[in-house]
Q: 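I am attaching a structure below and will ask some questions about it afterwards.
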Protein chains: 6
Amino acid sequence: MSDSVLISEMTWTDYGKRVEDGKTPVLLPVGALEQHGPHLPMNCDTLIPTAVCERVARETGVLVAPPLEYGYKSQPKSGGGNHFPGTTSLDGETLVLMTRDIIKEFARHGVRQMAVVVGHTENLMFTIEACDLALRELRAQGVHDLRIMHMGYWEFSSEETLRKVFPDGFPSWNLEHAGVMESSVMLHLHPELVQFDKVPLHPPADFPAYDVYPVEPERIPATGALSSGKTATAEKGKYMLDEYVESISAALREEFRL
Amino acid sequence: MSDSVLISEMTWTDYGKRVEDGKTPVLLPVGALEQHGPHLPMNCDTLIPTAVCERVARETGVLVAPPLEYGYKSQPKSGGGNHFPGTTSLDGETLVLMTRDIIKEFARHGVRQMAVVVGHTENLMFTIEACDLALRELRAQGVHDLRIMHMGYWEFSSEETLRKVFPDGFPSWNLEHAGVMESSVMLHLHPELVQFDKVPLHPPADFPAYDVYPVEPERIPATGALSSGKTATAEKGKYMLDEYVESISAALREEFRL
Amino acid sequence: MSDSVLISEMTWTDYGKRVEDGKTPVLLPVGALEQHGPHLPMNCDTLIPTAVCERVARETGVLVAPPLEYGYKSQPKSGGGNHFPGTTSLDGETLVLMTRDIIKEFARHGVRQMAVVVGHTENLMFTIEACDLALRELRAQGVHDLRIMHMGYWEFSSEETLRKVFPDGFPSWNLEHAGVMESSVMLHLHPELVQFDKVPLHPPADFPAYDVYPVEPERIPATGALSSGKTATAEKGKYMLDEYVESISAALREEFRL
Amino acid sequence: MSDSVLISEMTWTDYGKRVEDGKTPVLLPVGALEQHGPHLPMNCDTLIPTAVCERVARETGVLVAPPLEYGYKSQPKSGGGNHFPGTTSLDGETLVLMTRDIIKEFARHGVRQMAVVVGHTENLMFTIEACDLALRELRAQGVHDLRIMHMGYWEFSSEETLRKVFPDGFPSWNLEHAGVMESSVMLHLHPELVQFDKVPLHPPADFPAYDVYPVEPERIPATGALSSGKTATAEKGKYMLDEYVESISAALREEFRL
Amino acid sequence: MSDSVLISEMTWTDYGKRVEDGKTPVLLPVGALEQHGPHLPMNCDTLIPTAVCERVARETGVLVAPPLEYGYKSQPKSGGGNHFPGTTSLDGETLVLMTRDIIKEFARHGVRQMAVVVGHTENLMFTIEACDLALRELRAQGVHDLRIMHMGYWEFSSEETLRKVFPDGFPSWNLEHAGVMESSVMLHLHPELVQFDKVPLHPPADFPAYDVYPVEPERIPATGALSSGKTATAEKGKYMLDEYVESISAALREEFRL
Amino acid sequence: MSDSVLISEMTWTDYGKRVEDGKTPVLLPVGALEQHGPHLPMNCDTLIPTAVCERVARETGVLVAPPLEYGYKSQPKSGGGNHFPGTTSLDGETLVLMTRDIIKEFARHGVRQMAVVVGHTENLMFTIEACDLALRELRAQGVHDLRIMHMGYWEFSSEETLRKVFPDGFPSWNLEHAGVMESSVMLHLHPELVQFDKVPLHPPADFPAYDVYPVEPERIPATGALSSGKTATAEKGKYMLDEYVESISAALREEFRL
């Protein structure tokens, strides 16, 4: 019997035994394929929440579903905009249906506790809509007891951590696109995928209080990063990742009485 | 600069240079999360075409997009049916929109040659529809020169290979669900994920000329496999995989003049 | 009181009496408007399954719904491709919704046994999806006991028949598009619609293991037929049609305990 | 070469020659499967406009597409409501997509003049929406010169005819559901399908200025007819049908310069 | 506590008390933003039914939801066509979903009696479809007792009133677009929004028995009005409005036993 | 000629003249019907952005479209959750289609500059998606020069203002739901709709880093407000509103060169 926490690597018989009583939660990482500056690979928003989920799963005994590797359209102020080559995004409705269908299938298997772990800010409202539609459709099928936690993993950074990692002040999660946090966690997880010599050095992007569509590329830093990750280190990455894993594990334990 | 063939592991700047002249094809593996008997992991239909694509990419210089890891509903006669725990499927429309959106985004990047490499029979008509819709919508945006190859990787088995691997006669691809071919390729690629001691030994499933919905589980082998993979070996797996890689590489070279 | 087996020709009062106890099955033919070579009319895929259904209905006492006369897009390897004038096809989602709505309405009338009888290969996955969606939505309305048989009528040819009708070897159902079977059945059913002097004489189409989209017409026989129907006869047509009627009647009797 | 006016009965080669210059209009009958009282078959709304179209086609040289045999949900005041057994209706969106897809395909063949000939009042707004969507999507594909006539065939009754056929006053087209006009035309076209001994004799239905949903069956005449067809005759039917054919032919000639 | 009849102006606590026992009906005005000739503002179809609803609400103790201010596409024969600047319309599906969602939400609050009060002819079939879909989806959620009245307010004009207001004969509601009734009611309700010196004087529009799409503007009166409102007066407007309020109030009292 | 800035109150002829050269921008307020505590009416999120738009329009000469009065589902951390009676919300897709359709229609009129002015946080991602879809569909129709500004009006508060209005520290816009800002602006705009004696006095809501669905009402303050508006005053409201009007006017002037 496999000891993987990844559902994809399990046989259906092993998996079936794990979920049949409805007490084993399933985590669904929802990422993106999105430019992350000239120094980071385009799968940051998938790799990081998937890594978080795997570690959480090993700590708490939950299972991890295959991640969604394509997300909603990158926005100027939180991802640089959807005009970069490489950024490969879905219409909102597509992401909603995808996430909805998957949640409903896990419920069919008997799962009654799920967590949607988002790695890409722009996904949040669409995965929330997916939770609502899935729960509504499940009720119509007689399933009334599925509970879903929904989160962006970065929301689990404590203020203390932010002070420590950003001694000169934490800009905002939106400006952190391809910045210190993501660069650090990637240096920790996958240094071979980071071209740190190309980390942008420009100041954080400066945006007005509104957006303009179609996106006008000249308003966005040409690197695609919204702030500089130059102070990133693998140590900071480990530190932040550990906190995500610990805090999300604690939250799961509390919500799902693990 | 990364030498990965995986788009997900590249920076946008490296990727952008590769595709800007439209001459580098992109391969999109489209798999499933589906029960594959008591001995194989549930990601066979994703792992195999992704492995094929990576090897083809290294041979021919093309690039590989992140795979779609969820597919259309498993059918009784080709996948055992969608009622097994673990099998996690999408509505047809969801798979169509997902594939359509991704194709359109690669076209936006400048890609003009794509191949959709399906690993799960049930996906085929929906990914075909996605190609049609993507091409139609791209025409409306002024893109008229995208060409898409569409294939199930298993269709590249030569008759000679089938005779060799199935000396007692090749049943059919549909009955091969979790059978000799998939078991062999998985033994070659990921022996650690195969519980070969659990390979089913029952005869191939016997189906009438029609289906009945809702699926009646007692009509399907309880193992989920539609035939026995007991004669599978890693050698057969390597042999078949090599042929897929070689033949698909040849087809890409011819169609896309690589 | 009408003795027609066609629901369309019945009054609602006569029909209502027939279905109120849920024991009378309804057959739904799902065809297409598709080129069938220079010698056959474009409604083959509707006429044949409708004729099968009518005969089955007279044998078994079931009823026949009006056929769907438009189907999913013709594919190169099974119908020559969707680029021919005359071929008039639906988006996948349209065919799904059409079939879904009709199934749900018959269930509302009290029908609890249905058979979807497909006459056009390309429809199959979409009518399967329609069955799944209809059953799911019906469950949400409290209907749990509808059973649907789903079939392509040609799948009821016995191997003996294929040996007899194709003494030189049966190519494949896909290559049979506008070939010996369809030509023969049409000669039997509607000789006045067959221009047999125009039957193509070319060898069967030869396709690679993949498709290319947009379809490149020069890869397809210019006649639109994928093999030659030159050996077709009305006798063969009667023979094959009789077998379809007999075998499908038997299957209905067994499944629905008629 | 077939001299049928029915596209379904033509080969693609014959059809292709007829439409390639864009000057041959195509008529699309859009009907319904709907209860029409205890005396008329449920296909009245399909049979009548299809018969009109065939006769018009023979007079004017245009072509007729296969009819849509399922329509929008029957409404209380114009069809008795959708609760009767036998009435088999589509969601609005389904009818829109169906009609849209078909129009677009005829345009792909080269057709530039179409007429949507509706036989079921409740279809009208949805087939109008279909025309609008089809034209919009065609423009996006570069087709700007398709013109579509849209009509309910009954609107071509002259006031003189109404006076003659309804000497005691014409109630309204809505109350004419399964009334004198439809009964008469069916007696003329298909007397074998009319059970005239069962024609309802009750007075016309009396409705308030509003509808109530869900439909309350006790507000609707139990026969399903909204007025009595007792004064119907085959002669009246021929008279009215002739006028439809003549007037619609004239309109086509004028609009499409035939 | 607010004594407004407008839900939008109430606090949720006040509103909640009003609807919790399911006995207080909610009225939903569904209008349009549509040209109404050179003399009337474009919100006639929203203002009038909203005014009717407010007055009905004050008479009967029901509540009024915020109106939908955008409706279905203006049609040539009932609104002049959708090609005028200012006319701002929705796709049919959009209007259906909008109305459906709102009905379902009121049902969630506990409301069990609703009236959809349409101010724009072209909306009618789509708001009917919305009622049907909302009721169907509510049943799937276990709500079986919602009743919805559906109406066009103008249908409540008595024949006596029409004789009085149109002494030279009532043309038809369709030709009344921007004609005597709407001009009169607007003169009564909002004289400051009427530029009566610009009221068109041309005769009623004359249409054939069919429509042509795309709309050909030269077939429509250039003013956008389909008949002349020159005989409109504020007195007639008050008279007609009073009748709408009185008759709809009576209908609500009867249907909902207020 | 009307001097209203509201498109709904203009005749089509007056409106047409204003927009035909494409230089007059149109503002679209997008609100919600949502509980706002026991002291504020449920239309705050519509009234405030509409008031902002009207004032901006009078300052800058732009026009204002009728507001959307229903928005996306209220979320626990920014609106208290969608379970309150009175909160009346749309599915995400509905809001997307509604906004998309309206933008496309204004572009059809000739408008080339628009601003979507959101009054309800939960709408933002869906109105962004609507902008993207509208622009994409317009490109397919040959319109390439529409520019859309997209904003939440509250984002135009300067830090100075926040310091002044929230002397004890600004919590966050999310916690401001029915708090000091909205209460103040409503006291300024519509004191008659505010029941200030019922303003909640409880401390701001305290939320974990994640959400749980279905929403568990006991996690939300029972008042529906997420913080106390007790320090609200009409003066603060005027001060904040003036800043919104001034700053948005300045932004419009700069972006659209007014």
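Chain letters run A, B, ... following the sequence lines, proteins first, then strands; residues in each count from 1.
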Q: As a quick check of understanding, evaluate side-chain contact (heavy atoms from CB on, under 4.5 Å) for E/V117 and E/H150, giving each step before the final call.
A: CA-CA 6 Å; E/V117 182; E/H150 183 276; over 6 Å; no
Q: Would you call F/E122 and F/K73 a salt bridge, taking side-chain N to carboxylate O under 4.0 Å as the test?
A: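 Answer for the salt bridge query: no.
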Q: Is it true that a side-chain atom of E/T24 and a backbone atom of E/R18 form a donor plus acceptor pair closer than 3.5 Å?
A: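 Answer holds: yes.
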Q: Pick from F/K104, F/H109, F/E20: which one has the most heavy-atom pairs with chain E under 4.5 Å?
A: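 Ranked by heavy-atom pairs under 4.5 Å with chain E, first place is F/H109.
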Q: Go through F/V96, F/T13, F/L47 and name the one with the most non-hydrogen pairs under 4.5 angstrom from chain E.
A: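 Winner by heavy-atom pair count: F/T13.
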Q: Do you know which of E/T88, E/L40, E/I7 has the most heavy-atom pairs under 4.5 Å to chain F?
A: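 Result: the option with the highest number of such pairs is E/T88.
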Q: Which bit of E/L68 is near chain F, if near means a heavy-atom gap under 4.5 Å: side chain, backbone, both or neither?
A: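 Just the side chain, heavy atoms under 4.5 Å.
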Q: I'd like to verify something: which residue of F/L33, F/I102, F/T46 has the highest number of heavy-atom pairs under 4.5 Å with chain E?
A: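 When all of F/L33, F/I102, F/T46 are compared, F/I102 has the most.
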Q: Should the ring pair E/F84 and F/W12 be called parallel, tilted or perpendicular, given that the plane angle runs from 0 to 90° and is split at 30 and 60?
A: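 The rings of E/F84 and F/W12 stand perpendicular, inter-plane angle above 60°.
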Q: Looking at chain E, which one of F/T223, F/V19, F/V111 has the largest number of heavy-atom pairs inside 4.5 Å, strictly under?
A: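 Top option by heavy-atom pairs under 4.5 Å: F/T223.
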Q: Could you check whether F/D132 pairs with F/R100 (Lys NZ or Arg NE/NH1/NH2 to Asp/Glu carboxylate O, under 4.0 Å)?
A: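 Salt bridge flag = no for F/R100 with F/D132.
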Q: Of the options F/P29, F/P49, F/C131, which is the one that meets F/V116 in a side chain to side chain contact (heavy atoms under 4.5 Å, CB included)?
A: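 One option only clears the test, and that one is F/C131.
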Q: Checking F/D45 against F/H36: is there a side-chain donor and acceptor pair closer than 3.5 Å?
A: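 Note: F/H36 and F/D45 side chains meet the donor-acceptor criterion.
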Q: May I ask you to name which of E/T87, E/D101, E/L90, E/N82 has the most heavy-atom pairs under 4.5 Å with chain F?
A: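 Most heavy-atom pairs within the cutoff with chain F belong to E/D101.
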Q: Counting only non-hydrogen atoms closer than 4.5 Å, does E/H190 touch chain F with its backbone (N, CA, C, O), its side chain (CB onward), both, or neither?
A: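 No part of E/H190 comes within 4.5 Å of chain F.
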Q: Determine the option with the most heavy-atom pairs under 4.5 angstrom with chain E, choosing from F/A65, F/G37, F/C44, F/G110.
A: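 Among F/A65, F/G37, F/C44, F/G110, the one with the most close pairs to chain E is F/G37.
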Q: Between E/A222 and chain F, which part of the residue has a heavy atom less than 4.5 Å away: side chain, backbone, both or neither?
A: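 Contact with chain F involves the backbone of E/A222 alone.
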